[in-house]
Number of protein chains: 2
Amino acid sequence: MKTINLTTQRQAVYDIVRTAEDHPTAADVMNRLVERGHSFAYGTVYNSLRYLTDKDLIRELKLGETASRYDARTDDHQHIVCEVCGRVDEVMTAIPESWMTQVAEETGYEVAGAHIVVEGVCAECKSKRKK
Amino acid sequence: MKTINLTTQRQAVYDIVRTAEDHPTAADVMNRLVERGHSFAYGTVYNSLRYLTDKDLIRELKLGETASRYDARTDDHQHIVCEVCGRVDEVMTAIPESWMTQVAEETGYEVAGAHIVVEGVCAECKSKRKK
DNA sequence: ATTTCAATTTAGAATAAGTATAAATCTATT
DNA sequence: AATAGATTTATACTTATTCTAAATTGAAAT
Ligand SMILES: [Mn+2]
Ligand SMILES: [Mn+2]
Ligand SMILES: [Zn+2]
Ligand SMILES: [Zn+2]
């Protein structure tokens, strides 16, 4: 049931996402593939990203920008975006369970999870701004 | 400095968003304008939504769907989306201050705010499912 | 080894949401 | 009435992504 078929192109896409320090968009992945000497159809890159997402090897992130980003960390975590430079960092601190419970009570929903995008100014931009 | 110029079309768009029970997309707003006998250019609806957003009369929501939604409630609140029927409801339970502080510590960011989209199954879909 | 068939890749067309542009229309002020 | 700035309109364009149909690949069966 969980057969994973990593073709050359899927493997290459996966490698890009896995070794990325940031959270690359599909376009970022495309560029990095070219840098590494590949040239795949862009439909293939999108197909691969979706395949890898479906197989839970990567996660698709919608951070409120126009393009999705991709993340090889599939453990539960959230993100923080710098309003100044756009960099995206991990947020590992979990939102308190009590908050989720309260939201369930308030709304009558059965709560499954939450996507959180924190906004702020990163350390680097903070120090740059102090002059 | 805070002059607000509500033209006929801006007023009409604002009325749609203000009286909406849901959180309409630009396309929803378009359709409802037509229902009320208006016929504005596509661009005008987008311009109006942006104008109203800039003047803080409404808020633009990016809930991870392809299209933005609009909200006449401008006070601080979050949203919950039903995974089954797609309905969007308000979450008024505030995010714990302690969590924000902890995120700031963890990431080194100066935290300005957070956008949360909770996911789950609404009361209606929950009861429908029990048969 | 050759055939076969499903899965995959490819190039390019199509779609969806939103933005940009330039001409036409409004509106407030002289 | 004349002018000028703001706004609206129709339409072209952009960006991100999906769809399509033909070509290619590769494993399994002969
Ligand atoms: Mn991440
Ligand atoms: Mn709301
Ligand atoms: Zn920054
Ligand atoms: Zn529902």
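Just so we're on the same page: letters track the sequence lines, and every chain starts at 1.
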Checklist line | Length of the line joining B/Leu33:CG and D/dT9:C1', which is rounded to integer Å | finding: 15 Å
Checklist line | Base versus backbone protein contacts along nucleotides 6-21 of chain C [heavy-atom cut-off under 4.0 Å; B, S, -] | finding: --SSBS-B---SBB--
Check: So A/His77 and A/His23, would you call those rings parallel, tilted or perpendicular, with 30° and 60° as cut-offs?
Finding: tilted
Check: Roughly how far, to the nearest 0.5 Å, is the CG atom of B/Asp15 from the CZ atom of B/Arg32?
Finding: 13.5 Å
Checklist line | Residue pair A/Tyr51 / A/Thr3: nearest heavy atoms and the distance that separates them | finding: OH-O, 4.1 Å
Margin query: Tell me the interatomic distance from A/Asp28, atom CG, to D/dT15, atom C1', rounded to whole angstroms.
Written below: 14 Å
Note to self: Looking at every non-hydrogen atom in both residues, tell me the closest pair between A/Asp89 and B/Tyr109 and how far apart they are.
What the structure shows: OD2-OH, 2.7 Å
Margin query: Going by salt bridge (Lys or Arg N to Asp or Glu O under 4.0 Å), name the residues that satisfy it together with B/Asp75, two or more places apart in sequence or in a different chain.
Written below: B/Arg73
Checklist line | Nucleotide C/dA28, atom P - distance to CG of B/Leu6 in whole Å | finding: 13 Å
